[in-house]
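One structure below.
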Amino acid sequence: MVEITIRKRPRTEAVITERKFFKKTARGKVVKVLRERYLRDDVACGIQGCRECTTETPETLPFYGSSEHQLFPNGHYLLIDTNVFLAQMDLLESNSFNPPIILLQTVIEEVRHRSLPLYNRLKALTKAEDKRIWVFYNEYRSETAIIREENETPNDRNDRGIRVATAWYNTHISLTRPPIRGQKQSPHPKVVLMTEDAANRQKAEQSGVTSISIRKYVEGMKDANVLLDLLAAEGSSEIGPTPAVSGRQALYPDYLPTSVLVAGVKAGELHQGHFNANQYNYLEGSVPIPSLDKPILLVGRENMNRAVQGDIVVVEVFPEKDWKAPADEVVDQEATLKNDDAEDSGEEGDENGEEVIAKESRVLAVDSIEKHPPSERQPTGRVVGVIKRNWRAYVCHIDSTSLTSTLTTSLSTQTVFATPVSRLLPRIRLRTRQAPTLLNQKILVTIDRWDSTSRYPEGHFVRALGKVESKEAEQESLLLEYEVPYRPFGKAILDCLPPQGDQWVVPPKGELDVQNVWRDREDLRDVLVCSIDPPGCQDIDDALHARLLPNGNIEAGVHIADVSHFVLPDNPMDSEAASRGTTVYLVDNRIDMLPSLLGTNLCSLRPFVERLAFSAIWELTPEAEIVSVRFTKSVIKSTAAFTYEEAQIRKDDPHLQDDLTNSIRLLNSLAIKLKAKRMAAGALNLASPEVKIHLDSAESSDPIDVEQKELRETNSLVEEFMLLANISVARKIEESFPQTAVLRRHLPPPKTNFEKLQDILRKTKGFSLDVSSSGALAASLDKCVDPNEPAFNTLVRIMATRCMLSAEYFSSGSVAKDTFGHYGLASEIYTHFTSPIRRYADVLVHRQLSAAIGFTPLHATLHSKSHVERVLDVVNRRHRMAQMAGRASVEFYVGLALKARTEQAKVKGEGDVKEEAYVIRTFRNGVGVFVSKLGIEGLVTFKRDTQFDAENYTITVPGQNKDVKISVFDKVVVKIEVEKDKNTQRGKVKMTLVEPVDSSAL
Ligand SMILES: [Zn+2]
């Protein structure tokens, strides 16, 4: 044990150690808080072998420092200032950057104060194994703790504190290494202050402290060429804007000052919201505002004014006479900006730039002369300020045409364009020394700034992900693009697992149950429970049973993995699960929310082993009316794990009359009635295109085919009972915790969302869609039937689904009770209880239900409305991202399957891959189609002018003999190819019409 000496404080010093501040209590009372700091002499320097300092944590700083830098041949340590961490985290995280670093407490606190995401990255950095970072508690060591002087700003105070600490370190090193008699004193390593603040550097030098800017430091490093690329352009006076930007005339209007923005929003004159880019037209974006029926439309570069997807912007709405309708044109950034020059775009007399401007204004002009019915116009405006940038690292490709030199030996800096994989993002200009070697790679690029004089945002290279279309690179970029946390679980998290590991078993009842696992648990091991899941399911969340009761009623049970027995509130495993929010399913991979020991083993309700469960058990009449419901923690022993198909076959086999099969039949008959009741209550039967990818083998994971997912009766059986359990649990926890119950709702869509679909249906097929309630919508969707076209109904359902809002988790005390309802399910209350292995919301619900039945007390955090809201915000976001990541993964594999099919067809001489498709959208220059067999959407674009009838959703194109009219919902045949984009080398699905016309020449 290290002894801690608390130094006695002389009275005169008291002022140093007391911090006085005023705090408002929750009730509004102001109290004076005195916080004392106990200064100590034993805060360790972290240098290995230091004669003075002792510490329990292993020191991370080598005795001789690092002599790998050419400026510091006698060894050095870096003491890094806050501004470097705020602006240059990508560099600091790089594997090639690993000098020994001293991290001051003052700096950590400043970073935390300025940016939570950067603070989290900083924390992760200090834990990284390949970094040598020592956290020095300078505010607790008597020689380095300072107090703010009168007339000193907090910022200046911290700067001074950082200089004092650097000076102390240098003194400390020389004091602890006195010369040995008779030997020549060897020079000591130096502690060097790295800061981007020139004034701070100057002051440091004046007081004899060596200091350096990050650029200067990196230039002297071995890997300078690679590392210089990682420097962000922002936050450094030494890293000037690229030559293409300085001294230019502004291309965009300046933003209004923040105070004006805030006042304007408050007064209702300006509007604040998230910027959404239009994926079909890069010159258009929109900002949804709760107070307006339709989102505010932003047309053209100038009006979008440097907003990037996801930024929180402030918008000014134009007078109504200037309102517009969204353009009916596909405007592709790649094509329009093709010839723009990365190095000098925006410069006066820049011909390419003028060409771009001309092209863009032509596009906008076409739109403004187009007549739109007034009903299609929407509030239109311009961005006048940005409240918060939501920039992150984007997956990009280098645009090969923007390189001035492609010699891989060339190490000169080039300014090139990086094209983001996402169609929602602008291309980014970046300076790099590695451009030629980065061609054909997927790379990560961060946006640093977007000046009003620069047409494009500017960024810097972060790292390469690997070759384009290699599975590793594609998979990692998908995870990065959808912000899926995918790092392996760390030690602190794994330490929360049961120490017995996979040897853990449910303890026997009685004396051997030292942990009281059986306390208040029902023994359901004799009940015939089984699970029904997709084939290959390893994380079995749920199992079911049903049996006849003597009174003629039926007992049905849903048993859910008892995850909250293993995942305790607020420990590292719980925090990690909360921040992951959900398991992410990709075609060939699964990113777990919980360590697999729990997910696929100890929690998973596998057959033939005893497992802890949380059970909901109903008594139902044969007509599926609920008589009663109870909830209990339990122990079950599942008798079988069926696939949907196996359960279906078993149920349908008249020769099987065993109890298990009969219980499946019982469950099925109840499920049919439960479903009928839901439908009668107005639940929607929606459709989303779901396809299944067949993989060749687990190793190669080459897709061999794509097929539509088949739905059986048994799918519906499981679904109905999960819905029933979720609804019953929702009622129970809301009743017990009216302020903080974790619920899920689906708000009714604004009626205006359906206007276009209603109009299309009316004009093309003569159907009307009644959207007055979910029941009315369900009924009118049922009527949308074309006897000649069985797929038509599904198509309409898919399109209707897109008009809906997405469901969300919320805390019951945070919204009005009359908005709890789930529109799609037509249920007045709903939650998620049935998948705690893969959804974090369910874990919270389990804890609340457990408290509601008096099994465990409710953890304090679940009594806090704001805490629950905060957690659910993250979970909602992760949930959306996970869905998109899953879809993108399917799309990638569909692309691979198509490529393979095209090649096979070529070998066999079968010609092109052709598929039936349906027109779902018409543009002035093309049609959007949906290929139901592959579950993908595509775009067929025409270069030649066509006759476009915006009002009737048709285009007329020249056919072989006469003109052919194509309308929304028409069935067409498309040729599907996967071709490599010449610039980015990325495979793109290209579709051409084959029927009713061949569009290859159009
Ligand atoms: Zn020391």
Side-chain angles (χ1 to χ4, degrees), residues 1-9 13 16-17 37-69 72-82 84-85 92 98-109 122-123 125-147 158-181 183-195 204 207-212:
M1 224 349 240
V2 180
E3 232 172 85
I4 293 177
T5 40
I6 295 182
R7 208 169 71 142
K8 281 198 185 129
R9 287 172 286 115
E13 230 183 78
I16 297 185
T17 58
R37 278 188 292 161
Y38 291 92
L39 297 185
R40 298 156 34 166
D41 287 332
D42 59 350
V43 176
C45 68
I47 298 172
Q48 287 156 359
C50 175
R51 301 197 334 188
E52 291 285 307
C53 305
T54 43
T55 165
E56 274 182 84
T57 18
E59 293 95 344
T60 50
L61 306 174
F63 188 77
Y64 295 108
S66 160
S67 48
E68 277 179 27
H69 198 280
F72 310 108
N74 297 323
H76 75 293
Y77 309 95
L78 279 183
L79 194 148
I80 301 180
D81 193 2
T82 315
V84 178
F85 285 108
L92 301 169
N98 42 22
I101 292 170
I102 297 158
L103 175 57
L104 298 184
Q105 178 190 8
T106 310
V107 170
I108 297 179
E109 277 171 18
L122 178 59
K123 262 200 322 195
L125 201 63
T126 60
K127 289 184 194 137
E129 270 165 23
D130 56 337
K131 300 280 170 197
R132 294 175 289 177
I133 299 179
W134 180 256
V135 177
F136 181 66
Y137 290 90
N138 60 314
E139 305 274 0
Y140 292 135
R141 175 137 194 154
S142 53
E143 297 101 319
T144 52
I146 60 160
I147 53 154
N158 288 344
D159 284 351
R160 184 163 60 87
I162 292 165
R163 291 195 301 272
V164 167
T166 319
W168 174 81
Y169 253 102
N170 281 314
T171 318
H172 181 74
I173 289 172
S174 46
L175 285 179
T176 52
R177 298 177 197 193
I180 299 167
R181 228 190 311 173
Q183 281 183 23
K184 212 181 138 225
Q185 167 80 330
S186 58
H188 301 309
K190 238 183 214 175
V191 174
V192 178
L193 172 63
M194 176 188 270
T195 178
S207 58
V209 169
T210 309
S211 68
I212 195 162

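Atoms within each ligand, like the ligands themselves, are counted from 1 in listed order.
For the Zn ion (ligand 1), the neighbouring protein N/O/S atoms at less than 2.8 Å, given as residue and atom, are C45 SG, C50 SG, C53 SG, H172 NE2.
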Name the atoms and distances for all side-chain donor-acceptor pairs under 3.5 Å in residues 74-82, with sequence neighbours left out.
from : atom 1 : to   : atom 2 : distance (Å)
H76  : ND1    : S66  : O      : 2.7
H76  : NE2    : Y217 : OH     : 2.7
Y77  : OH     : P62  : O      : 2.7
Y77  : OH     : F63  : O      : 3.0
Y77  : OH     : G65  : N      : 3.4
D81  : OD2    : N83  : ND2    : 3.2
D81  : OD2    : T195 : OG1    : 2.7
D81  : OD2    : N200 : ND2    : 3.4
T82  : OG1    : E110 : OE1    : 2.4

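The closest donor-acceptor contact from the side chain of R160 to the backbone of I147 lies under 3.5 Å. In this structure, the side chain of K131 engages the main chain of L92 through a donor-acceptor pair within 3.5 Å. Listed for the T210 side chain is no donor-acceptor partner under 3.5 Å among the backbone atoms of V192.
Under the rule for a ring-ring contact (aromatic ring centres under 6.0 Å, His included), the partners of W168 that lie at least two apart in sequence or sit in another chain are F136, H172. T171 is linked by a side chain to side chain contact (heavy atoms under 4.5 Å, CB included) to L175, counting only residues two or more places apart in sequence or in another chain.
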